[in-house]
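Each remark here refers to the structure printed beneath this line.
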Amino acid sequence: MSVLPLAAAAPALRVDYRPAPLEALLAEPGTLAVFGFGDAAPAVHPDPRYLHVALPAYGPPAFECWTVAGPVASGRHDGLAWSRGGGLAFAALALPDTADAAAVAATAYARLQAWLAASDTPHALRIWNYLDAITAGDGDAERYRRFCVGRAQGIGRALAPAELPAATAIGHPQPSGRFQLYWLAAAQPGTALENPRQVAAWRYPRQYGPQPPGFARAQLPASPGMPLLLSGTAAVVGHASHHPHSVPAQLEEILANLDSLIAAARRLRPALAERPGPGTRLKAYVRDPQALPEVAAWLQAHLPEVPALVLHGHVCRRELAVELDGVHA
Ligand code: 3EB
């Protein structure tokens with residue numbers, strides 16, 4: 001007997017960086033979402049599955065494409081764009097980014113919670129947050145710390161560690177006027193993973209702000225047809241930033257963090273590749289635009305098989321020059 005019918009019922013997700021024309025990507029069967037970056041990509045599109053991210057991209061332009069198995073439906077509702085298919089859903093919303101990052105985050109996360117509760121994909125596996133001036137403000141008034149406060153308020157209850165999504169929180173290098181939130185949700189919960197080299201973000205000590213960040217280092221989806229979803233990973237060891245302002249030293253540390261996270265995931269899913277490779281996709285977020293070529297060259301030299309996008313964006317601690325996120329199959 002073939003096991004194909006069962007395998008086809010489990011969600012599958014492909015992530016690719018593709019140069020093809022946007023219209024062709026949206027027309028392909030199974031396209032759940034397409035992302036364009038920076039000025040080279042369209043700012044808007046009538047298709048709710050297209051999202052523009054206001055981070056400049058370095059190198060040849062490419063769209064990030066999410067593809068699922070099966071037909072996809074999509075629409076817009078009250079400023080929120082959504083699509084669903086193959087047991088997965090994508091949704092995005094943008095709000096005016098106000099002076100108080102806590103207020104906008106609380107509003108956005110309350111909408112996210114309401115959307116999850118009303119959907120048949122109530123488990124947010126992966127969340128991206130893009131806000132203006134992420135490290136502006138001092139001490140507990142820093143916008144990233146205020147964002148963490150608002151995120152927790154908007155969710156409205158303390159998430160158990162096992163419920164935490166994988167996440168990325170990055171600052172627009174130029175003011176965009178918008179806070180952007182988008183997510184990947186599933187019918188089945190995944191497994192939240194922590195990194196043995198890092199203190200869990202939800203246990204960060206008080207020195208990093210009044211509200212520890214609510215994210216897990218990765219999510220391993222229930223379906224083996226889905227990749228490991230890697231959170232934004234920086235040169236944080238324990239809870240401390242290492243190699244302040246040094247791009248190559250931070251990249252080495254990030255790679256060690258990714259190796260250790262992948263090793264943790266492989267204890268649950270041994271079929272995952274041991275190292276980042278052809279089944280991995282990475283996005284780099286780089287604070288200093290002058291360092292963009294260096295990061296692109298480093299990735300090419302150290303991870304030649306890994307398709308990567310290099311973006312100009314601000315990591316949420318000033319001394320962190322670069323962060324990587326992505327998927328790993
Ligand atoms: C860190 O390790 C880096 O607040 O959602 C990475 C990924 C970071 C997600 C978030 C923050 C977030 O603390 C920062």
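For the numbers below, each heavy atom of this structure counts, side chains included, while hydrogens, waters and symmetry mates do not. Start at 1 with the first residue, then count along the sequence. Order of listing sets the numbers, starting from 1, for every ligand and every atom in it.
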Please check if the number of heavy atoms outside [X] that lie under 6.0 Å from its [atom1] is greater than 12.
X	atom1	result
His302	NE2	yes
Gln207	CD	yes
Asp39	CG	no

Identify, for [atom], the protein heavy atom at the shortest distance, and state residue, atom and that distance.
atom	result
atom 14 (C) of ligand 1	Cys316 SG, 3.1 Å
atom 8 (C) of ligand 1	Phe215 CZ, 3.7 Å
atom 6 (C) of ligand 1	Gly232 O, 3.3 Å
atom 3 (C) of ligand 1	Glu323 OE1, 3.9 Å

Salt bridge (Lys or Arg N to Asp or Glu O under 4.0 Å) between Glu194 and Arg203, intermediate numbers included: CA-CA 11 Å; Glu194 292 299 336; Arg203 306 181 81 158; over 6 Å; no
Which of the atoms of ligand 1 are close to [X], meaning less than 4.0 Å from one of its heavy atoms?
X	result
Pro213	4 (O)
Ala167	5 (O), 7 (C), 9 (C)
Val236	2 (O)
Tyr144	4 (O), 10 (C), 11 (C), 12 (C)

Test of proximity, Tyr204 against ligand 1: N or O pairs below 3.5 Å: yes
N or O contact, Thr168 vs ligand 1, cut-off under 3.5 Å: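 No - when backbone and side-chain N and O of Thr168 are compared with those of ligand 1, no distance drops under 3.5 Å.
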Thr233-Asn257 side chain donor-acceptor pair, cut-off 3.5 Å: no
Main-chain N/O of Val15 paired with Arg281 side-chain donor or acceptor, under 3.5 Å: yes
Arg151 to ligand 1, any heavy atom closer than 4.0 Å: yes
Pair Asp259 + Arg266, salt bridge at N-O below 4.0 Å: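 No, Asp259 and Arg266 are not salt-bridged.
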Aromatic ring pairing His239/Tyr204, orientation class (parallel under 30°, perpendicular over 60°, tilted between):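 If you compare the ring of His239 with that of Tyr204, the planes turn out perpendicular.
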Ser231 and ligand 1 - part of the residue with a heavy-atom distance under 4.0 Å: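 Neither part.
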Part of Arg217 within contact of ligand 1 (heavy atoms, under 4.0 Å):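 Under 4.0 Å from ligand 1, Arg217 contributes side-chain atoms alone.
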Side-chain heavy-atom pair Val34, His45 within 4.5 angstrom cut-off: no
